[in-house]
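This structure is a prediction, so every number in the text was calculated from the model and none was measured. All ligand and atom numbering here is 1-based and tracks the order in the structure. These values consider heavy atoms only, across backbone and side chains, with no hydrogens, waters or symmetry-generated copies.
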Amino acid sequence: MAILDIVTFPEPSLKKVSVPVETIDDELKTLIEDMGETMFHDAGVGLAAPQVGINRRVIVYDPHAGEEQKDAEDKTFTALINPEILSKSKETFTSEKEGCLSVVDYRADVRRHASVTVRAMTIDGETIEFDAHELMSVIMQHEIDHLDGILFIDRISALKRAMYTKKRLKQLKNKK
Ligand SMILES: [Zn+2]
């Protein structure tokens, strides 16, 4: 297992549409294990393969995200291969202070569908379908967006995005 480097905005590969996974092989399983480990290491609740520089349609997430009685030792994650959103509720809500490991030092409120129906393949090659609500719904929309080259800052106002972009470019410049 290994902790992977996170690709951060404005890296162009984050804007790429990822390709579907065709076979579940050992390489993919290793990637998934490493993604799970990286997500918990960096205190994330979800991580998409493009965030570790692999433009393939794979996500991992913490199925216990947001639970109040969360067991700190519980580091089990769930992986979804080729996930897709089959339907979205008309009802929307605002996810408060949404963040992303690829969008450094920034959080924003984002308008999200209250629930979504997801279809995906498990690591065992089984096709599953489920409904996700509230925080889980946000995680699904956020992570599946990554596979289509979309970041949460693409879903906020152009003004806020421009302000963040400016701040981020300055931050990167100062690092050099
Ligand atoms: Zn993200």
Side-chain angles (χ1 to χ4, degrees), residues 2-21 28 31-67 70 75-85 88 92-116 118-120 123 130 132-158 160-169 171-172:
I3 306 287
L4 305 171
D5 287 336
I6 301 282
V7 173
T8 58
F9 176 83
E11 189 64 44
S13 68
L14 288 170
K15 301 226 89 164
K16 276 171 60 177
V17 175
S18 291
V19 297
V21 171
L28 184 78
L31 169 68
I32 286 172
E33 284 300 318
D34 290 347
M35 282 172 63
E37 195 182 1
T38 304
M39 175 182 77
F40 285 123
H41 177 264
D42 291 349
V45 291
L47 189 69
Q51 294 184 270
V52 293
I54 309 286
N55 286 93
R56 300 176 75 188
R57 303 189 79 87
V58 182
I59 66 168
V60 297
Y61 65 97
D62 177 359
H64 301 292
E67 283 178 15
K70 199 178 159 190
K75 299 265 160 123
T76 51
F77 62 89
T78 304
L80 297 178
I81 299 163
N82 300 336
E84 51 183 321
I85 292 178
K88 308 163 184 178
T92 60
F93 75 118
T94 303
S95 69
E96 278 176 42
K97 297 195 167 61
E98 197 169 318
C100 178
L101 296 177
S102 295
V103 180
V104 178
D105 296 335
Y106 189 66
R107 285 183 176 270
D109 295 352
V110 185
R111 203 82 194 145
R112 295 290 190 186
H113 297 279
S115 55
V116 292
V118 176
R119 178 161 62 202
I123 197 161
F130 61 94
H133 309 280
E134 298 168 18
L135 177 61
M136 260 325 133
S137 175
V138 174
I139 293 175
M140 291 303 136
Q141 292 169 74
H142 180 121
E143 301 309 332
I144 295 171
D145 264 355
H146 273 299
L147 306 180
D148 293 321
I150 299 165
L151 299 175
F152 81 93
I153 50 173
D154 294 319
R155 299 199 179 279
I156 60 176
S157 74
K160 281 187 185 161
R161 185 165 56 251
M163 281 167 69
Y164 173 69
T165 305
K166 199 174 159 193
K167 176 181 140 178
R168 177 66 179 153
L169 293 178
Q171 189 182 48
L172 288 170

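Side-chain atoms of Asp145 do not come within 3.5 Å of backbone N or O of Ile150 as any donor-acceptor pair. Between the side chain of Ser137 and the main chain of His113, a donor-acceptor pair closer than 3.5 Å is present.
Legend: protein N/O/S atoms lying under 2.8 Å from the Zn ion (ligand 1), waters omitted, number 3.
Here the two rings, on Phe9 and Tyr164, have centers that are under 6.0 Å apart.
Side chains of Arg111 and Thr94: a donor on one and an acceptor on the other come within 3.5 Å.
The minimum heavy-atom distance between Val116 and Met140, with the atom names listed, is CG2-CB, 4.0 Å.
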Exercise. Can you check side-chain contact (heavy atoms from CB on, under 4.5 Å) on Tyr106 and Met163, steps first, answer last?
Worked result: CA-CA 11 Å; Tyr106 189 66; Met163 281 167 69; over 6 Å; no

